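Start at 1 and go down the list; that is how both ligands and their atoms are numbered. Quick caveat, the model's predicted, so the values are computed rather than measured.
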Amino acid sequence: MCKGAMLTEDNDTIAAISTAPGVGAIGLVRLSGPDSIAIADRVFVGSKRPSEMEHSRVQFGRVVRDGAVLDEVMLTVLRSPQSYTGEDVVEISCHGNPLILRDVLSAVIDAGARLATGGEFTRRAFLRGKMDLCQAEAVMELLSAQTEEAKRVALSQVRGRTSQEVARLREQVIRAKVELDASIDFPDDVSDEALMGSDTARGGSSVKLLLDTARELDAMISAFAASQQAQRLPTAAIVGKVNVGKSTLLNALLAEDRVITSESAGTTRDRIDADLALSSGRRVRLSDTAGLVVPRDELDVKARVKMEEAVRSADFLIMVFDASSPLEDEDAQLVKTWGAGPAVLVLNKIDLGERWDPSVLVGKCGDLSQAPVVRTCAISGLGMDELDGALDKLLCAVTPEVPSEACVVGTMRNERLLQRARDAINAALAASHTGSWPEFASSDLAEALGAFNEFLGIDVGVDILDEIFSRFCIGK
Ligand SMILES: Nc1nc2c(ncn2[C@@H]2O[C@H](COP(=O)(O)OP(=O)(O)OP(=O)(O)O)[C@@H](O)[C@H]2O)c(=O)[nH]1
Ligand SMILES: [Mg+2]
């Protein structure tokens with residue numbers, strides 16, 4: 001078992017490329033461990049040796065191997081314990097070319113470092129007490145956050161707010177348990193009143209303390225559900241009759257030639273997803289779908305199934321119509337079948353004229369009266385700004401509100417542990433209504449403390465750490 005901050009695992013020096021794969025202005029190779037600075041001495045040539053540099057100083061120089069210059073770099077030395085991992089860390093900022101980064105990494109490995117595994121830097125930060133497990137897990141959440149809410153939750157967790165809240169609740173349970181245990185060991189010294197509630201002279205009874213804790217846990221658990229929904233990328237399915245310009249509209253929104261379009265009806269068969277960043281910065285996943293048509297063959301039937309799946313999983317619909325030709329049965333079918341949910345109505349091909357009024361559609365489905373109508377010409381991009389704005393409003397409407405002051409946990413593991421703690425506390429409270437209080441309650445509270453400990457990473461098993469850190473990328 002790991003004693004959280006106390007136990008350290010490996011004591012070697014690890015290295016990895018910490019920036020994202022691909023070309024960038026700058027790429028970072030990071031070393032952590034007791035030999036980081038000695039290894040840097042072996043590969044770096046500058047006016048000072050890295051071992052002579054003070055903490056957090058940066059120096060320009062060259063990384064060399066066998067006399068050949070691999071790159072001109074900026075090298076930073078961070079001395080233990082004032083670094084991300086708590087160990088000696090050296091960061092080498094190179095030109096962000098993957099070939100250069102690979103050369104510099106292989107030079108430091110030849111000089112004595114080991115290639116880091118996924119999440120190993122953060123795992124070391126946890127094991128050396130730089131952060132608790134809840135914060136360490138949130139580092140990964142922060143890197144992969146796709147929505148504002150996901151970013152907010154992860155950042156607040158990385159900064160330690162969630163850990164502080166959970167540590168406070170854990171303290172409350174410890175206080176209640178100490179009082180209960182005292183009543184078991186010294187039954188004459190602790191009155192039932194003190195435990196059950198009316199004796200407030202002792203600074204609040206165990207029952208009151210536990211009721212408050214369970215209430216706070218309840219609030220965190222219910223905020224989790226709303227927050228999870230707000231954390232996933234909302235999706236919108238682009239639907240409509242064949243050939244109305246759905247795929248052209250997707251390309252216009254993305255400002256790239258992403259999907260095939262053509263004048264023959266039935267071009268799109270499969271569902272095609274693409275992520276779009278709106279001008280507000282909010283993001284939405286768009287699904288282009290096969291057009292509605294009377295099925296002629298098995299392929300049409302399969303395409304229809306895919307289209308219906310996309311509609312079912314969408315948060316809202318982008319219903320596309322050809323404004324330049326008369327409405328047909330498929331248009332009416334679209335509105336009748338799916339017009340009751342949140343949607344934006346797109347009247348496309350307005351460059352070819354507008355043959356009908358959108359009120360005709362609204363008349364077919366009462367719920368559509370709330371739907372915004374946007375007129376577009378997808379081949380020229382006309383109307384895309386209005387559509388961007390309409391999508392943004394719909395996104396706000398379908399994203400559940402999570403109070404910004406709510407303390408929310410980021411992962412299912414975290415939420416399950418809070419539930420486990422809450423259920424154990426409730427079991428302890430139930431015991432207070434039976435003759436079994438306080439013996440049974442004390443063991444329930446031990447269970448609640450176990451859940452809090454696992455949450456914070458106190459006394460967790462290596463298997464749990466492996467599980468958590470295996471999801472990390474290499475270099476973090
Ligand atoms: N004039 C004009 N033509 C358009 C417009 N939008 C799309 N088109 C054309 O309409 C044809 C069909 O476009 P698509 O985007 O393939 O239509 P779709 O709805 O995806 O069609 P399916 O995948 O077959 O259901 C293509 O020839 C497009 O160039 C528009 O706003 N104005
Ligand atoms: Mg298409």
**Request:** Taking both backbone and side-chain atoms into account, decide whether T289 has an N/O/S atom under 2.8 Å from the Mg ion (ligand 2).
**Result:**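 T289 does not place any N, O or S atom closer than 2.8 Å to the Mg ion (ligand 2).
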
**Message:** Is N243 close enough to the Mg ion (ligand 2) that one of its N, O or S atoms comes in under 2.8 Å?
**Reply:** no

Taking 4.0 angstrom as the limit and counting only heavy atoms of [X], give me the atoms of ligand 1 inside it, by number and element.
X    : result
L352 : 1 (N)
T261 : 15 (O), 16 (O)
V242 : 25 (O)
G291 : 25 (O)

Looking only at protein heavy atoms, identify the closest one to [atom] and say how far it is in Å.
atom                    : value
atom 16 (O) of ligand 1 : S262 N, 3.2 Å
atom 6 (N) of ligand 1  : N348 ND2, 3.1 Å
atom 17 (O) of ligand 1 : G245 N, 3.2 Å
atom 8 (N) of ligand 1  : K349 CE, 3.7 Å
atom 13 (O) of ligand 1 : T248 OG1, 3.4 Å
atom 29 (O) of ligand 1 : I379 CG2, 3.7 Å
atom 25 (O) of ligand 1 : K246 NZ, 2.8 Å
atom 21 (O) of ligand 1 : N243 N, 3.0 Å

[X]/[Y] ion pair, N-O < 4.0 Å:
X    : Y    : result
R168 : E216 : yes
R215 : D212 : yes
R271 : D273 : yes
D322 : K241 : no

**Message:** I'd like to know if the side chain of D103 pairs up with that of S106 as donor and acceptor (distance under 3.5 Å, no hydrogens or angles considered).
**Reply:** no

Counting heavy atoms only, which part of [X] comes closer than 4.0 Å to ligand 1: side chain, backbone, both or neither?
X    : answer
V320 : neither
D351 : side chain
A265 : backbone
S324 : neither

Give me the one residue out of [options] that meets side chain to side chain contact (heavy atoms under 4.5 Å, CB included) with [X].
X    : options          : answer
T213 : R422, R170, Q172 : Q172
L361 : V373, V335, L334 : V335
P234 : L391, L394, L395 : L395

**Message:** Please compare S380, G381, A378 and report which has the shortest non-hydrogen distance to atom 31 (O) of ligand 1.
**Reply:** A378

**Item:** Closest contact, heavy atoms only, A138 versus A154
**Value:** CB-O, 3.7 Å

**Request:** Measure across A274 and L254 and return the closest heavy-atom pair with its distance rounded to 0.1 Å.
**Result:**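 Nearest heavy atoms, A274 then L254: CB-CD1, 3.6 Å.
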
**Request:** Please say whether the positively charged group of R62, taken as NZ for Lys or CZ for Arg, lies over the ring of F44, i.e. under 6.0 angstrom from the six-membered ring centre and within 45 degrees of the axis.
**Result:** no

Looking only at distances, please establish whether an N/O atom of ligand 1 is found under 3.5 Å from an N/O atom of [X].
X    : result
I260 : no
G266 : yes
T268 : yes
A290 : no
C377 : no
T289 : no

**Within the 6.0 Å centroid threshold, strictly below: F455 and F452** = no

**Heavy atoms from other residues, nucleotides or ligands near CD1 of I26 exceed 12 (cutoff 6.0 Å)** = no

**Message:** Counting neighbours of CZ on R57 that are heavy atoms of other residues, nucleotides or ligands and sit closer than 6.0 Å, is the number greater than 12?
**Reply:** no

